[in-house]
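Since the structure is predicted, the reported quantities are computational estimates derived from the model, not experimental observations.
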Amino acid sequence: MIVVLKPNVAAEKRDQLVEWLKTMGLGVHISEGVYQTVLGLIGDISKVDADLIGSLEIVDSVKRVSETFKCCNRKFHPEDTVVSVGDVKIGGGNFCLIAGPCSVETEEQIVSVAKSVKEAGAKMLRGGAFKPRTSPYDFQGLKATGIEFLKIARQETGLPIVTEIMSVSDLPLFEDIDVLQVGARNMQNFDLLRELGQMGKPVLLKRGLANTLKELLMSAEYIMASGNENVILCERGIRTYSDYLRNTLDLSAVPMLHELSHLPVIVDPSHATGLARMVPPMALAATACGCDGLIIEVHNDPVHALCDGAQSLRPEEFAALVKKVSAVREAVSC
């Protein structure tokens, strides 16, 4: 249920209403927009008298929300959420490029790539220290050592770092990480999502290989219901009948997620396609359909990469793509 307040309601009266609602055992999410304030009521609303609330002097309207996701619902929070990572902002018109290798391999490699992508225009550095692989015999990442290399790259470039967490037991290693990524295979690891909600750091949540948008939003709900509103949604392709690409990039998810939720939405064309030559056209298409950013794999030597070299752009290819992305953003803003 959402309660829309009339314009220019005094803070004291608003707070009195919020406290009264809380006495009913409800959680109250307050969203203060430019033109109106919305109170999102979370919990058992079966005994709430909507007519009584609607009759109050400061209340404009009361609406029931049928969707099971509440915290991330745009009806609860009409204004776009802007997630801040240091000086970098994502959402609400702020576009963010995240780039780096699939896996951190050496200190020299990650620092070199970090410097290249920063020069090209990237705002954050990605790199996997823990790698979930289909085969147990494939490279699994440098783990704690990889995280230390990422920190060195951050120190050298100033770029905030994004890296994937796979297990609750690894949380202590991620205390100094700027953005914690939840990969497709862990999208419904609810124990992990709850812990990340309590941790409070920005979370980049990727859509699962075969998950619906509602399931993605419900996973975001786990994080937000635990107290963390800094969630970034990521469309990274889903498993379909495609026989030439790694996955199918569902670009229709971008405008639909923006319609359903106030959270920022970014796109990962690298994992979606699995082929470096397909990354630029899909990145441009994602930009044109209104995503809030891109996360792209860049490697200084893709042929010898320990993980996903086939889908990684070279630094010079990334730099060329950034210019085209800027041109598309300028075109669609007209």
Side-chain angles (χ1 to χ4, degrees), residues 1-2 29 31 33 38 40 42 63-83 89-98 181-188 193 202-225 228-242 245-273 278-279 281-296 325 328-329 331-333:
M1 179 180 290
I2 60 174
H29 181 279
S31 174
V38 175
I42 304 169
K63 304 174 184 177
R64 293 189 179 272
V65 177
S66 58
E67 293 91 351
T68 50
F69 52 92
K70 309 295 182 184
C71 297
C72 61
N73 199 315
R74 187 171 286 279
K75 294 176 183 176
F76 273 50
H77 193 297
E79 304 289 331
D80 288 344
T81 284
V82 177
V83 175
K89 298 183 183 300
I90 307 174
N94 300 283
F95 191 87
C96 180
L97 283 167
I98 306 169
Q181 175 182 308
V182 176
R185 293 171 177 84
N186 268 316
M187 191 202 85
Q188 291 184 306
L193 299 180
V203 177
L204 194 161
L205 179 65
K206 288 195 168 187
R207 184 182 180 184
L209 300 176
N211 287 108
T212 64
L213 296 185
K214 182 178 180 180
E215 289 169 338
L216 172 61
L217 291 171
M218 289 307 301
S219 290
E221 194 77 6
Y222 267 91
I223 300 170
M224 299 181 73
N228 185 359
E229 299 184 357
N230 296 304
V231 180
I232 305 160
L233 303 175
C234 181
E235 166 58 41
R236 47 82 67 207
I238 53 176
R239 187 71 55 81
T240 68
Y241 293 104
S242 175
L245 299 175
R246 183 173 182 175
N247 295 288
T248 297
L249 182 54
D250 180 12
L251 288 180
S252 65
V254 176
M256 180 54 70
L257 286 171
H258 277 145
E259 181 178 312
L260 293 170
S261 176
H262 54 88
L263 297 175
V265 182
I266 69 170
V267 173
D268 178 353
S270 301
H271 282 90
T273 63
M278 299 300 295
V279 171
M282 299 315 296
L284 297 178
T287 304
C289 75
C291 69
D292 296 298
L294 298 166
I295 179 167
I296 295 176
V325 167
V328 170
R329 291 193 66 227
V332 297
S333 66

### Query
Would you say R74's side chain and H258's backbone share a donor-acceptor pair under 3.5 angstrom?
yes
### Message
Please check: side-chain N/O of S261 versus main-chain N/O of C72, any donor-acceptor pairing under 3.5 Å?
### Response
yes
### Query
Yes or no on side-chain contact (heavy atoms from CB on, under 4.5 Å) for L260 and K214, after CA distance, side-chain angles and deciding distance?
CA-CA 9 Å; L260 293 170; K214 182 178 180 180; over 6 Å; no
### Task
With sequence neighbours excluded, tell me which residues meet side-chain contact (heavy atoms from CB on, under 4.5 Å) with K89.
V82, S84, N94
### Query
Roughly how far, to the nearest 0.5 Å, is the CG atom of L233 from the CG atom of L257?
6.0 Å
## Note on the structure
Test salt bridge (Lys or Arg N to Asp or Glu O under 4.0 Å), reference D268, set R236, K206, R246, output is K206
### Message
With heavy-atom distances below 4.5 Å as the criterion, would you say the side chains of T81 and V83 are in contact?
### Response
yes
### Query
Taking only residues two or more places apart in sequence or in another chain, which ones pass side-chain contact (heavy atoms from CB on, under 4.5 Å) with N228?
V203, I223, N230
### Task
Mind checking side-chain contact (heavy atoms from CB on, under 4.5 Å) for F76 and listing every partner two or more places apart, or none if nothing turns up?
I2, I42, V65, K70, N73
### Message
Looking at every heavy atom in both L213 and A253, which two are closest together, and how far apart are they?
### Response
CD2-CB, 3.7 Å
### Message
Rounded to the nearest 0.5 Å, what separates atom CD in Q188 from atom CG in L216?
### Response
9.5 Å
### Message
Distance check, rounded to the nearest 0.5 Å: T212 atom OG1 versus M218 atom CE?
### Response
10.0 Å
### Message
Return the CG to CG distance between L205 and N186, rounded to the nearest 0.5 Å.
### Response
10.0 Å
#### Entry: From I90 atom CD1 to L204 atom CG, the distance as rounded to the nearest 0.5 Å
7.0 Å
### Message
My understanding is that only residues two or more places apart in sequence, or in another chain, count here; which of them pass salt bridge (charged side-chain N to carboxylate O under 4.0 Å, His left out) with E67?
### Response
K75
### Task
Measure across G290 and V254 and return the closest heavy-atom pair with its distance rounded to 0.1 Å.
C-CG1, 3.8 Å
### Message
Rounded at 0.5 Å granularity, tell me how far CD in Q181 sits from CD1 in I98.
### Response
8.5 Å
### Query
Using a distance-only test with no angle check, is there a side-chain donor-acceptor pair under 3.5 angstrom linking E229 and H29?
yes
### Query
Taking N247 as the fixed residue, which of T240, T273, L209 is the one that meets the side chain to side chain contact (heavy atoms under 4.5 Å, CB included) rule?
L209
### Message
Within the structure provided, determine whether P269 and V267 are in side-chain contact (heavy-atom separation under 4.5 Å).
### Response
yes
#### Entry: Closest heavy-atom pair and its distance - C289, P255
O-CD, 4.2 Å
### Task
Please step through side-chain contact (heavy atoms from CB on, under 4.5 Å) for the pair Y241 and T248, ending with a clear verdict.
CA-CA 8 Å; Y241 293 104; T248 297; over 6 Å; no
## Note on the structure
Sorted by chain and number, sequence neighbours left out, side chain to side chain donor-acceptor pair (under 3.5 Å) with S242 holds for none
### Message
Checking the side chain of D292 only, and the main-chain atoms of I266 only, is there a donor and an acceptor separated by less than 3.5 Å?
### Response
no
### Summary
Hits for salt bridge (charged side-chain N to carboxylate O under 4.0 Å, His left out) against R207, two or more places apart or cross-chain, chain-then-number order -> E235, D250
### Summary
Residues V231 and A220: closest non-hydrogen pair is CG1-CB, 4.2 Å
